Protein chains: 2
Amino acid sequence: MATAPQIRKGRKFDQVLEGARSVFLRDGFEGASVDDIARAAAVSKATLYSYFPDKRLLFMEVARQEFLRQADEALNLMNPQAPPEVMLPWAARRIIDFFTSDFGQRVFRICVAEIDRFPDIGHQFYESGPKLARARLGNYLRGACARGELRIEDIDLAADQFHELCKADLYLRSVCGYADQITEAEIARVIDGAVSMFLARYGVR
Amino acid sequence: MATAPQIRKGRKFDQVLEGARSVFLRDGFEGASVDDIARAAAVSKATLYSYFPDKRLLFMEVARQEFLRQADEALNLMNPQAPPEVMLPWAARRIIDFFTSDFGQRVFRICVAEIDRFPDIGHQFYESGPKLARARLGNYLRGACARGELRIEDIDLAADQFHELCKADLYLRSVCGYADQITEAEIARVIDGAVSMFLARYGVR
DNA sequence: CACGTTCTGAACCGCTTGGTTTGAATTTAT
DNA sequence: ATAAATTCAAACCAAGCGGTTCAGAACGTG
């Protein structure tokens, strides 16, 4: 094959990716064995190696696809015309649901755990997640400012601040394994807090 | 030996811990080989195994000590009497310096990367880091409220919000490998933003 | 110095790892 | 039905893995 891809698709390509995904997400790159992956994918090891020249490339492809999935989730479907009092709680809920979700946590974990071994992973994660989400929220905020509903000089900072406010308390508990103990009342507390702080700073009276 | 510790100290115990630390922090639990650790520690493998019955216990001891170190850094030395306009920027700087530091990043990475394999790690990390920092900042905020300098109903939420505001922009760039590209001007931007937003919400006029 | 404790290097063990090979079996398209 | 493409299972390889053993060397203390 040529230089870049070295990946060949075959009949069971998706199976291999899915099996690899489940094992890599569970055990990380080093902990995942190719035998386990082949077993999880229900293919022979020879088939797996006919698609990917080595374990590293398989991992990189799995990670790439996870990040694509993340990009799909990054605060799309925002209603540009809705007032901040409606839109901000909605966005807050979306943000919280994402980072407490199994998917959200696992894609983050790939990035953090493997960044030394695969340095480009950090870049890919940032571009497909945080940067995109900031841009989308930023677009909304820009519109709200144009309509005179908000007054923000530094849109990017404001978008980041809002994201972080939504993470108060819940994010670290989530990362530390307490995600399933988070109640609706706690979520509402954080959302109310985030929105009221944001409007205290950037709202017009 | 008895049930719990199974750890025996000897002349080169600290060397072993230091060698283990450097290799575990670099390669994670699965990626670190006991041969590498022994080499990094400049001890024989037999010595290492005379101290720790297995690799798992060695890892757990290394992680435990890293978390103790983190507890030492958690916003100690706050001046209870200083006004918020002085104390908040000071705390913000401390928070940012911590999470952008090599140590801060690595201890976080241990937690995130290994939490499936060592479920108690999340608990230890949370107790020695986020929870402690929140308590210390919360104590400060309580005092400021008592002096009439701030008005806060939910101290814990406010402390968490402040922490998260300090992480705007910088934290995720840090996690994603861009920590060395963060400028002093960017740090000042985030600190100013955090303090002004916090005071907009909780300050007295 | 003598003695007890600790550490060493080298070899060992059974097992696993990522990756390779190959003829046969299976699947798909004509 | 046939041919081509794909997949398979089983065996293989060299290297590495976590952990074990042991006689001798090194170290620290009285």
Side-chain angles (χ1 to χ4, degrees), chain A residues 1-63 110 113-114 116-118 121, chain B residues 1-63 110 113-114 116-118 121:
Chain A
M1 295 295 165
T3 48
Q6 306 172 51
I7 297 180
R8 188 191 72 87
K9 298 202 174 189
R11 263 183 235 138
K12 299 199 171 182
F13 190 76
D14 290 341
Q15 263 172 261
V16 168
L17 279 190
E18 186 50 45
R21 179 178 169 276
S22 71
V23 179
F24 280 136
L25 290 188
R26 191 188 69 210
D27 298 334
F29 177 74
E30 285 284 340
S33 80
V34 181
D35 278 338
D36 281 347
I37 292 168
R39 198 173 300 118
V43 303
S44 75
K45 212 159 61 163
T47 300
L48 193 151
Y49 276 102
S50 77
Y51 300 155
F52 294 91
D54 62 22
K55 186 180 169 189
R56 280 186 66 92
L57 267 188
L58 176 56
F59 180 83
M60 283 154 75
E61 180 62 22
V62 167
I110 289 190
E114 308 294 350
D116 274 357
R117 247 175 236 115
F118 300 87
I121 260 189
Chain B
M1 296 295 166
T3 47
Q6 306 173 50
I7 297 178
R8 189 190 72 87
K9 299 204 173 188
R11 264 185 235 133
K12 299 198 174 182
F13 189 78
D14 289 343
Q15 262 172 261
V16 168
L17 280 190
E18 187 49 45
R21 181 177 168 274
S22 71
V23 179
F24 280 136
L25 289 188
R26 192 188 68 208
D27 298 333
F29 177 76
E30 284 286 340
S33 79
V34 181
D35 280 335
D36 281 348
I37 291 168
R39 197 175 301 121
V43 304
S44 76
K45 213 160 57 161
T47 301
L48 193 151
Y49 276 102
S50 77
Y51 300 154
F52 296 91
D54 62 23
K55 186 180 169 189
R56 281 187 65 92
L57 267 188
L58 176 57
F59 180 84
M60 282 154 76
E61 181 62 22
V62 167
I110 289 190
E114 308 293 349
D116 275 357
R117 247 173 237 115
F118 301 87
I121 262 189

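None of the values given here were measured: they were computed from a predicted structure. Lettering follows sequence order; numbering is per chain, from 1.
- Atom-to-atom, CG of A:Leu48 to P of D:dA9 comes out at 13 Å; the value is rounded to the nearest Å.
- In this model, no side-chain donor or acceptor of B:Lys55 finds a partner on the base of D:dG19 within 3.5 Å.
- Residues B:Asp54 and B:Tyr49 come closest through the heavy atom pair CA-CE2, 4.1 Å.
- Taking 4.5 Å as the limit, every side-chain heavy atom of A:Phe118 sits out of range of all side-chain heavy atoms of A:Ile110.
- Here the P atom of nucleotide D:dT21 and the NZ atom of B:Lys45 are 13 Å apart, to the nearest Å.
- Rounding to the nearest 0.5 Å gives a distance of 8.5 Å between CZ of A:Arg117 and CZ of A:Phe59.
- Separating the CZ atom of A:Arg39 from the P atom of D:dA9 is a distance of 12 Å, rounded to the nearest angstrom.
- The nearest whole Å value for the distance from the CG atom in B:Asp54 to the C1' atom in D:dC17 is 14 Å.
- Looking only at side-chain heavy atoms (C-beta outward), B:Leu58 and B:Val16 come within less than 4.5 Å of each other.
- In this structure, B:Ala32 reaches the sugar-phosphate backbone alone: every heavy-atom distance under 4.0 Å involves primed, P, OP1 or OP2 atoms, never a base.
- Using a 4.0 Å cutoff to heavy atoms of chain B, the contacted part of DNA chain C runs 5' to 3' from C:dT5 to C:dG9.
- B:Ala38 comes within 4.0 angstrom of nothing in the nucleic acid, heavy atoms only.
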Between the protein and nucleotides 3-7 of chain D, list every N/O to N/O distance that falls short of 3.5 Å.
| unit_1 | atom_1 | unit_2 | atom_2 | d |
| --- | --- | --- | --- | --- |
| D:dT6 | O4' | A:Arg11 | NH2 | 3.3 |
| D:dT7 | OP1 | A:Arg11 | N | 2.5 |
| D:dT7 | OP1 | A:Lys12 | N | 3.0 |
| D:dT7 | OP1 | A:Tyr51 | OH | 2.5 |
| D:dT7 | OP2 | A:Arg8 | NH2 | 3.3 |
| D:dT7 | OP2 | A:Tyr51 | OH | 3.1 |

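- Counting heavy atoms from C-beta outward, A:Glu61 and A:Ile7 have side chains that approach closer than 4.5 Å.
- Two residues are said to be in side-chain contact when any heavy atoms from C-beta on lie closer than 4.5 Å; B:Tyr51 and B:Leu57 fail this criterion.
- The backbone N or O of B:Phe29 sits less than 3.5 Å from a side-chain atom of B:Lys55, completing a donor-acceptor pair.
- Between B:Val43 and B:Phe13, the closest side-chain pair of non-hydrogen atoms is not below 4.5 Å.
- Distance, B:Asp35 CG to D:dG19 P: 11 Å, rounded to whole Å.
- Proximity of B:Glu18 to B:Gln15: side-chain heavy atoms (C-beta onward) are nowhere separated by under 4.5 Å.
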